[in-house]
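One-based numbering, in listed order, for ligands and for the atoms of each. All values below come from the heavy atoms of this structure, side chains included, with hydrogens, waters and symmetry mates left out. Not measured: the values here are computed from a predicted model.
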Amino acid sequence: MRKRSWCWIRGTRSAWAFAGEPASMNQSDHDVVIVGAGIVGAACADEFARRGMRVAIVERDVIGNGATAAAMGHIVVLDDSEAQFALTRYSQSLWHALRPVLPDDVEYEQPGTIWLATDDEEMAEVQRKHDYYDLRGVPTDVLNAKTVQELEPNLSGSVVGGLLVPEDAVVIPPCAARFLVARAQTHGAKLQLGAAVVEMGQGRVRLSDGSELTGKFLVNAAGAFTPELTPGVEIRKRKGHLAITDRHPGFLRHQLVELGYLKSAHSVNEDSVAFNIQPRRSGQILVGSSRQYGAEHKEVDQDILTRMLERAQHYMPALAAMPSVRTWTGFRAATPDKLPLIGPLAEDRSLFLATGHEGLGITTSLGTAKILADQIMGWKPEIPVEPYLPTRVEKKVDAAGSLRAR
Ligand SMILES: Cc1cc2nc3c(=O)[nH]c(=O)nc-3n(C[C@H](O)[C@H](O)[C@H](O)COP(=O)(O)OP(=O)(O)OC[C@H]3O[C@@H](n4cnc5c(N)ncnc54)[C@H](O)[C@@H]3O)c2cc1C
């Protein structure tokens, strides 16, 4: 049993009461109102409801809309920083534990990832990544060119080796979000779809039809749209493209990612594409991916799409004969330091953020929900939360209304 460290006490009127909460908050209809039913809001609703809180979740569209509908669903451990590693690994272990109860349409598979190296510098990165993961208990295998070719015969000869991470998995993200919301509902959560929130704060959420919901706690889980409801939160939209082919069972066995993907993900100014490809249970092949700042329209950008598909064909020439049956875009919610914002805002004690997950929100949704619920309930989280607290980024709005990090 984990220890409660701070201020929650068992209430008599509702499941939980906050010690010292203002009288107005005692009158709240809900313990938590979550805005956004993407994968992060869905995971929060599930976690909070299963802990006995009275939950409402409000979504202006359908469940798993937004970035969740656009994502690849790669459940991946990454190591850009210790904090990123901690949250991705913790979350991946939660996905593994969830596997037995996930419905079939989530299509949970564990193909593993192979990080592909094309030169000595990238092979050195393979070794570094192997050592890092090994030290932290993540199984990996360093592969030479021959082994990579045996595992993935359709790769071109440009690959000189790679790193297999067998515990990486894949899911269909909107189906996972639907499952989580449905499970939350079986624990009493109330779902309001087609309801656009126009304002939230101080324990109140106002909808576009003028109605209001009240909650002791509010969670802004609106992804790339977070700043529309909580001005001052420094999140930029980072557009991504994906394409999917017709069915080619057996063509691809693992999620394949070029090591150059990491350079692409780190670039802060330029548009970038990188080879990132995933086998679906249907035999279709999901081809990614791109990253763009400043492109806020949803339309597919043909130049970017062509660059992305050419990059894929460079690694897997046979893809040239496998046309895409569908292409689409989505918006990642990017923070300046590439870590999500999970926790309370200093200026409004009712308002919590669960946002800013950029390209890792499917993976990290489950860990996000756990550590947010832990913060609210005063339980000791299983990983340190400090790197994700919104208060780490103090900002001010200048006279022109634009944001600057202090
Ligand atoms: C091309 C692409 C590929 C990706 N691949 C992966 C991957 O392989 N693995 C991975 O881990 N991550 C991946 N990601 C990232 C992942 O998709 C996101 O990090 C994740 O979906 C974020 O979930 P979310 O719930 O925070 O936001 P969203 O999914 O965007 O959900 C936010 C929700 O809030 C709702 N909303 C917004 N404003 C309001 C309002 N005013 N009122 C009511 N509702 C509102 C929206 O309708 C939406 O449903 C990818 C992203 C992209 C774009």
### Message
I'd like to know if the side chain of Glu152 reaches the main chain of Asn154, judged simply by a donor and an acceptor atom lying under 3.5 Å from each other, with no hydrogens or angles considered.
### Response
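Not at all, since once roles are kept as given, no pair shorter than 3.5 Å links the two residues.
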### Message
Looking at Arg247, I want to see if its CZ is surrounded by more than 12 non-hydrogen atoms of other residues, nucleotides or ligands under 6.0 Å.
### Response
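Result for CZ/Arg247: open.
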### Task
Give a yes or no on this: more than 12 heavy atoms of other residues, nucleotides or ligands lie within 6.0 Å of atom CG of Asp104.
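Counting other residues, nucleotides and ligands, CG of Asp104 stays at 12 neighbours or fewer.
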### Task
Just let me know how Glu358 lines up against ligand 1, side chain, backbone, both or neither, with a heavy-atom cut-off below 4.0 Å.
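It is the backbone that touches ligand 1; the side chain stays farther off.
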### Message
I need the contact type for Ile63 against ligand 1. Using non-hydrogen atoms and a strict under-4.0 Å cut-off, is it side chain, backbone, both or neither?
### Response
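It is neither; nothing of Ile63 touches ligand 1.
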Got an N/O contact under 3.5 Å between [X] and ligand 1?
X      : answer
His241 : no
Gly240 : no
Ala67  : yes
Ala37  : no
Gly73  : yes
Ala354 : no
Val62  : no
Gly359 : yes
Phe225 : no
Thr364 : no

### Under the side-chain hydrogen bond (donor to acceptor under 3.5 Å, both in side chains) test, residues paired with Arg50 that sit two or more places apart
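Result, side-chain hydrogen bond (donor to acceptor under 3.5 Å, both in side chains) vs Arg50: Asp46, Glu47.
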### Query
Who pairs with Thr364 by side-chain hydrogen bond (donor to acceptor under 3.5 Å, both in side chains), at least two apart in sequence or on another chain?
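Result, side-chain hydrogen bond (donor to acceptor under 3.5 Å, both in side chains) vs Thr364: none returned.
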When you compare the side chain of [Y] with that of [X], does any pair of heavy atoms fall below 4.5 Å?
X      : Y      : answer
Ile172 : Asp105 : no
Ile235 : Leu341 : yes
Ile277 : Tyr315 : no
Glu358 : Arg238 : yes

### Message
Between the side chains of Asp374 and Arg51, is the shortest nitrogen-to-carboxylate-oxygen separation below 4.0 Å, so that they form an ion pair?
### Response
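The answer is yes: the pair qualifies as a salt bridge.
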Hey, looking at [atom], which of [options] has the closest heavy atom?
atom                    : options                        : answer
atom 7 (C) of ligand 1  : His74, Gln255, Lys237          : His74
atom 44 (N) of ligand 1 : Glu228, His357, Arg60, Glu199  : Arg60
atom 2 (C) of ligand 1  : Gln192, Met200, Arg332, Arg291 : Arg332

Checking side-chain contact (heavy atoms from CB on, under 4.5 Å) against [X], which of [options] comes through?
X      : options                        : result
His357 : Ile39, Val40, Leu339           : Val40
Leu116 : Val126, Leu163, Val160, Leu256 : Leu256
Tyr388 : Thr335, Leu353, Ile383         : Ile383

Students should be able to answer this: which protein heavy-atom is nearest to [atom], and at what distance?
atom                    : answer
atom 31 (O) of ligand 1 : Gly38 CA, 3.4 Å
atom 5 (N) of ligand 1  : Met72 N, 3.1 Å
atom 34 (O) of ligand 1 : Gly36 CA, 3.3 Å
atom 33 (C) of ligand 1 : Glu59 OE1, 3.6 Å
atom 20 (C) of ligand 1 : Gly361 CA, 3.8 Å
atom 50 (C) of ligand 1 : Ala71 CB, 3.6 Å

At a 4.0 Å threshold, what atoms of ligand 1 neighbour a non-hydrogen atom of [X]?
X      : value
Leu229 : 41 (N)
Thr363 : 10 (C), 11 (O)
Val40  : 23 (O), 24 (P), 25 (O), 26 (O)
Gly330 : 53 (C)
Thr68  : 21 (O), 23 (O), 25 (O), 28 (P), 29 (O)
Gly223 : 26 (O), 27 (O), 32 (C)
Leu242 : 1 (C)
Leu360 : 10 (C), 11 (O), 12 (N), 15 (C)

So, does [X] sit close enough to ligand 1 that a heavy atom of it is under 4.0 Å from the ligand?
X      : answer
Gln278 : no
Thr355 : no
Ser289 : no
Pro173 : no
Ala196 : yes

### Task
Show the numbers, then the answer: is there a side-chain contact (heavy atoms from CB on, under 4.5 Å) between Met53 and Lys216?
CA-CA 10 Å; Met53 297 189 206; Lys216 291 175 189 151; over 6 Å; no
### Task
Step by step, work out the side chain to side chain donor-acceptor pair (under 3.5 Å) result for Asp303 and Thr306.
CA-CA 5 Å; Asp303 285 347; Thr306 304; 5.5 Å; no
### Task
Return the orientation label for the Phe352 and Phe217 ring planes: parallel under 30°, perpendicular over 60°, tilted otherwise.
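The rings of Phe352 and Phe217 stand perpendicular, inter-plane angle above 60°.
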### Separation between NZ of Lys380 and CD1 of Ile371, rounded to the nearest 0.5 Å
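So the NZ of Lys380 and the CD1 of Ile371 are separated by 12.5 Å.
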### Message
Please report the interatomic distance CD1(Ile304) to CG(Asp271), rounded to the nearest 0.5 Å.
### Response
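Rounded to the nearest 0.5 Å, the CD1-CG separation comes out at 4.5 Å.
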### Query
Where is the tightest heavy-atom contact between Glu167 and Gln92, given as atom of each residue plus distance?
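So the two residues come closest at O-NE2, 3.4 Å.
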